[in-house]
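Counting starts at 1 for both ligands and their atoms, in listed order. Heads up: numbering here begins at 1 and tracks the sequence. Predicted model only: the values in this text are computed from it and were never measured.
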Amino acid sequence: MLPITEPLQASEIRRQLDSATLLALNDIHVFPELDSTNRWALQQCVCGDVCLAEQQSAGRGRRGRQWQSPSGVNVYLSVRWCFTPVPEHLPLLSLVTGLAVAEALEDCAIHGHGLKWPNDVYYDGKKLGGILLEAVGSLEQVVIGIGLNVNMLSEAGAEIDQPWTSLQQIAGKPVERNVLVSAVLQRLLKRLRGFSRLDMAQFQQDWRQRDVLLGRQVQAFSGTETLQGLASGINNQGQLIINFSDGSIRNLSSADVSVRI
Ligand code: BTN
């Protein structure tokens, strides 16, 4: 097992948050190990709680996949958030979360990353992080789960079954996880606080700037069919727009998308 570099610490994370974020947050729970921070947050957290773990034994990914979660090197973070009332553009929440993560990386002087619809943080064609939203019964409460590959090197990530990278591999030096978590919370809570007043034009522009699929020929697997076409951005419902060579257009709500080479 690799040594824990700098441990995650609630006090250290809090110390770096601005007053608006501190006000919006409730507790920050940090565990040496959990099965899944999302599972724990769904069962134990109250609104505004944050849950972090040094490792996960059953980290959850999209579409029932497992999220590889080795100890002491990455960020496994869940935030439980409550909306009253449920905002009309709730389907955009996972994309808005992606924007917050991308902005937080920029705050930490990391550049060159982008967002791959719907939920992936990408760098140079490799996955850097993922987002998994889970609803708590009614849609008024959600758990926002974020996994980021931070100081993971090839050995620890050997079991990951897709191209991946980590911030340390990009930056060439270890990244302080408490600083990164603070940056993510700051950006995420700012976007959550303003979510019911989402500026659609600004949101579209922010996404467009970071959209790694835009203008690329892609293959999209929806679960039942595979489609091939030109990725042409997202619409106001957060659906991926695909243009086909016969001139037709489809808007996808959910799919696994890869760029065709
Ligand atoms: C994906 O498949 O891309 C989504 C991965 C989400 C992983 C994070 S790690 C923190 C949180 N807890 C989980 O069990 N999953 C999410």
Side-chain angles (χ1 to χ4, degrees), residues 8 10 13 28-45 49-81 93-102 104-105 113-123 125-136 141-152 156-157 159-167 175 177-178 180-185 187-188 192 210 212-213 220-223 238 240 253-259:
L8 290 167
I13 294 166
I28 301 178
H29 306 271
V30 181
F31 296 92
E33 179 175 353
L34 283 177
D35 50 357
S36 153
T37 58
N38 263 27
R39 204 255 339 134
W40 198 87
L42 282 164
Q43 293 184 350
Q44 310 284 344
C45 284
D49 273 0
V50 173
C51 173
L52 288 148
E54 287 287 4
Q55 72 177 307
Q56 299 183 119
S57 54
R60 300 177 182 179
R62 283 181 66 229
R63 296 178 172 261
R65 296 193 190 104
Q66 207 179 345
W67 186 255
Q68 297 296 329
S69 310
S71 178
V73 285
N74 291 332
V75 165
Y76 317 117
L77 161 73
S78 298
V79 176
R80 183 158 175 158
W81 193 255
L93 184 59
S94 68
L95 278 65
V96 165
T97 300
L99 286 176
V101 172
L105 294 177
H113 54 282
L115 296 169
K116 176 170 161 284
W117 182 91
N119 289 120
D120 292 345
V121 186
Y122 255 62
Y123 183 91
K126 298 173 200 151
K127 189 152 166 168
L128 186 55
I131 292 159
L132 179 69
L133 261 57
E134 298 191 71
V136 186
Q141 297 196 25
V142 285
V143 166
I144 300 167
I146 299 170
L148 280 172
N149 300 334
V150 184
N151 294 322
M152 184 162 66
E159 285 177 34
I160 301 177
D161 61 0
Q162 60 181 312
W164 63 272
T165 189
S166 69
L167 295 178
V175 169
R177 291 179 303 152
N178 290 305
L180 177 64
V181 169
S182 304
V184 169
L185 289 176
R187 288 291 188 170
L188 179 61
L192 288 173
R210 299 171 175 91
V212 298
L213 297 179
F221 178 62
S222 69
L240 179 69
S253 299
S254 139
D256 266 342
V257 184
S258 54
V259 173

Expected rows: ligand 1 N/O, protein N/O, dist below 3.5 Å:
residue  : atom   : partner : partner atom : Å
ligand 1 : 2 (O)  : R62     : N            : 2.7
ligand 1 : 3 (O)  : K127    : NZ           : 2.6
ligand 1 : 12 (N) : T37     : OG1          : 2.9
ligand 1 : 12 (N) : N38     : N            : 3.4
ligand 1 : 12 (N) : Q56     : OE1          : 3.0
ligand 1 : 14 (O) : S36     : OG           : 2.7
ligand 1 : 14 (O) : Q56     : OE1          : 3.4
ligand 1 : 14 (O) : R60     : N            : 2.7
ligand 1 : 15 (N) : R60     : O            : 2.7

For this session: Please test S254 against R62 for side chain to side chain donor-acceptor pair (under 3.5 Å), starting from the C-alpha separation and ending with a verdict.
Result: CA-CA 11 Å; S254 139; R62 283 181 66 229; 4.9 Å; no

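Considering D49, L52, L8, L77 in turn, L52 is the only one that fulfils the side chain to side chain contact (heavy atoms under 4.5 Å, CB included) rule with I28.
Residues W67 and K127 share a closest heavy-atom pair of CZ3-CE, 3.6 Å.
Note: S94 OG to I131 CD1 = 7.0 Å, rounded to the nearest 0.5 Å.
Residues passing the salt bridge (Lys or Arg N to Asp or Glu O under 4.0 Å) test with R187, sequence neighbours excluded: E103, D107.
The local environment of CD in Q43 is crowded, with over 12 non-hydrogen atoms from other residues, nucleotides or ligands closer than 6.0 Å.
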